[in-house]
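Report on the structure given below.
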Amino acid sequence: MLKVNQLQTYIEQFHILQGVEFEVPEGQVTVILGRNGAGKTTTMRSIMGLTPAKSGEILFQGKNIMALPPYVTAKKGIGYVPEDQDIFGTLTVEENMRVAMRKEDKATLERQEWILSLFPDLKAAWKRKGGNLSGGQKQMLSIGRALVNETPLLLIDEPSKGLAPIMVKKVMEALQIIKNDTTVLLVEQNFMMASRIGDYFYILDEGRTVYQGEMEQLRKDEELRKKYLGIS
Amino acid sequence: MKSNLNEMPNKTETTPDVPRQFQRNTLMKQPNYWIFAAVTLLMMAVPLFTSSNSVLFMLTNIFILGVFAMSYDLLLGYTGIISFGHAMFFGIGAYSMGLSLRFFDNAEAGVLVALAAAIVLCFIVSFFVGLLSLRLRDTFYALITLAVATIFLIAAEQWRSLTRGSDGFNFTADIPNNLFGFINLLDRQTVYYLGLVFIVAMFLIMRRFIYSPVGRTLQAIRENENRVASLGFNVLHYKLISNVVAGVIAGLAGIMYAFSIRFVNPHSVLGVELTIDVLLMTVIGGVGTLVGAIVGAGIIEISSHWLMGLRDVHPIFERWVILFGIIFILIVMFFPAGIVGTIRQKWKARRSSL
């Protein structure tokens, strides 16, 4: 569904991505792992067009989406849940969802209903301002907003970051259901979460793809985890 | 997304109590509908209690400047962009009316031409200024609007054959006293009611706009442009809509101002001071509240009127602008979110603590 070849991205004079390569097959959860500063978030932002890549190739459903503005990329069917959630704090949960809707048709409202069944916490907070939500609720809203339109591919950047364990569990359960319908590219530092959801993984280091394999392999190989991720 | 609706959990257990059809945020469903209705009725009754032309004149100007400030609030408060040239649209409206009344013998034709000219010119100018500058950073937009507004100001000063330069021109003699057979624009009371209808209509239109999907998207842009873009919305497109709507409404306010003042000169309707005034009105009343812009216009008009009147009491009040500055500082200190914004915040905090 998504194929990234030799992605090179600069932020000002810094060469952040120096040849990232990976593939996201349809119907799977592909996880990008790596230490802090490896280029995981920049990779996501480059795919979306928020930090445009200088060279390389990003193919989505066979078409090159390199250098497209973010709104065009999103319209092609890529949903993005950023690391810091970016909830519209002065808008209510309802308004946050409505803002995200590119159409307010029956299918979209049904999708919203489905999202709220995944995240019942959002129902209770329906009329609350985004700025007054807990970290977990913000994460749920951010995922919900990304899914409310037709979204064949969902990019999620560190959904467990800063969340209480109970919220991590809820978000993870929801992602287990979402992955049945939507192809997911997940960036995650929480290895427990990544290993439970992911099917395949890529490890980035210093802006390059350095390792890839089945998630099962990483789960079993402690040496590999120590070497690339610094965790046992 | 191939939504697995068939696998949805049992509806009675988890389906949220959320309407399948969104309801409009109509004013009549809001608790402050009664405040709006009461203030409108009170304003309708004012001419019954006073025949003072100066009071009616001041209130008419508050209505008109209130609309002008609301149009600025659409940019600053609801889209998050700051303009230093918003007065140019106001001036385009005022000059369109003044010139049309001067050059057309038929008053109806003059008014209609002025209306059409102001709307078309404001649309074109706001569209192209926005197109040029809104894709850049907000500071560039502010500077480009200032530059274009200065061009309009200089043109009005230099094109003496048309505008009579810095002196401007008075067109009281051209003001129709029987427009469309029943509107006497020389009558202060008529202009007052026209101003009241104007502000009520514009308030309702702008409120509707703000709660529309476009308005909500603008508020989201104010908070985080990149996020809105990654949700699939062309941010420039929405900012342009906001710029054009604000520009055209400011132009209409300029037309009404011409009816009220019956005089235009470059500095009174095109000067950067007017943009600073409208910025102050919006900040004092409360950015992003709409009604705050009207409150801000009222405070600035009434306090400047009152402070100027104090000149006869003591010579120190000759420097009333300094006193006005002190009032502004006090308002910012005690009402950091503007008067309406701070009251709303406190009201909400009180309600949530109950």
Side-chain angles (χ1 to χ4, degrees), chain A residues 45 48-50 69-80 82 85-91 94-102 104 106-107 109-114 116-120 122-124 126 129-130 132 142 145-152 154-155 177-178 180-182, chain B residues 1-25 77-78 80 135 210-239 287-289 337 341 344-345 348-349 351-352:
Chain A
R45 290 180 61 85
M48 282 309 293
L50 290 163
Y71 75 92
V72 179
T73 308
K75 276 186 180 171
K76 288 191 177 289
I78 301 181
Y80 177 47
Q85 300 141 3
D86 287 347
I87 295 305
F88 304 124
T90 60
L91 304 186
E94 177 188 15
E95 287 166 340
N96 265 277
M97 290 295 281
R98 287 185 77 181
V99 160
M101 291 177 182
R102 292 197 287 272
E104 281 189 14
K106 192 167 171 263
L109 290 171
E110 279 178 355
R111 262 195 301 272
Q112 174 178 266
E113 212 167 312
W114 175 67
L116 290 170
S117 70
L118 285 176
F119 300 119
L122 291 181
K123 174 194 168 187
W126 192 238
K129 298 273 184 196
N132 298 335
S142 191
R145 256 182 355 190
L147 286 172
V148 80
N149 300 298
E150 186 86 25
T151 309
L154 183 65
L155 313 184
I177 299 172
I178 290 166
N180 295 330
D181 291 318
T182 305
Chain B
M1 194 175 79
K2 300 165 288 175
S3 177
N4 62 346
L5 289 172
N6 296 335
E7 294 170 27
M8 269 178 53
N10 188 316
K11 192 173 173 58
T12 52
E13 280 170 24
T14 55
T15 301
D17 185 21
V18 170
R20 274 181 152 250
Q21 288 292 320
F22 289 112
Q23 289 174 347
R24 273 195 199 134
N25 187 337
Y78 289 94
R135 62 181 74 239
I210 283 159
Y211 287 106
S212 70
V214 174
R216 275 195 308 274
T217 308
L218 290 175
Q219 292 175 62
I221 288 170
R222 175 192 64 195
E223 294 212 17
N224 191 330
E225 271 188 52
N226 276 344
R227 191 70 201 108
V228 175
S230 4
L231 288 171
F233 297 94
N234 184 346
V235 170
L236 176 66
H237 173 88
Y238 283 88
K239 280 185 169 181
V287 171
T289 60
R344 273 187 190 172
Q345 280 175 359
K348 277 179 189 163
R351 262 201 336 185
S352 59

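The heavy-atom pair separating A:Pro70 from B:Ser230 by the smallest distance is CB-N, 4.2 Å. Residues A:Gly89 and B:Glu223 come closest through the heavy atom pair N-OE1, 2.6 Å. For the residue pair A:Tyr71 and B:Asn234, the shortest heavy atom distance occurs at OH-ND2, 3.0 Å.
Within the 4.5 angstrom heavy-atom criterion, only side-chain atoms of A:Leu50, from C-beta onward, approach chain B. Interface remark: A:Thr73 contributes no atoms to any contact with chain B (heavy atom separation under 4.5 Å). Looking at A:Ile87, only its backbone comes within 4.5 Å of chain B, counting heavy atoms on both sides.
Atoms CZ and CG, on B:Arg227 and A:Asn96 in that order, are 9.5 Å from each other to the nearest 0.5 Å. To the nearest 0.5 Å, the span separating CE on A:Met101 from OG1 on B:Thr217 amounts to 12.0 Å.
Between chain B and the options A:Val99, A:Val148, A:Leu122, heavy-atom pairs under 4.5 Å are most frequent for A:Val99. Ranked by heavy-atom pairs under 4.5 Å with chain A, the list B:Pro213, B:Gly288, B:Ala229 is led by B:Ala229.
More than 12 heavy-atom neighbours from other residues, nucleotides or ligands sit within 6.0 angstrom of NZ on A:Lys129.
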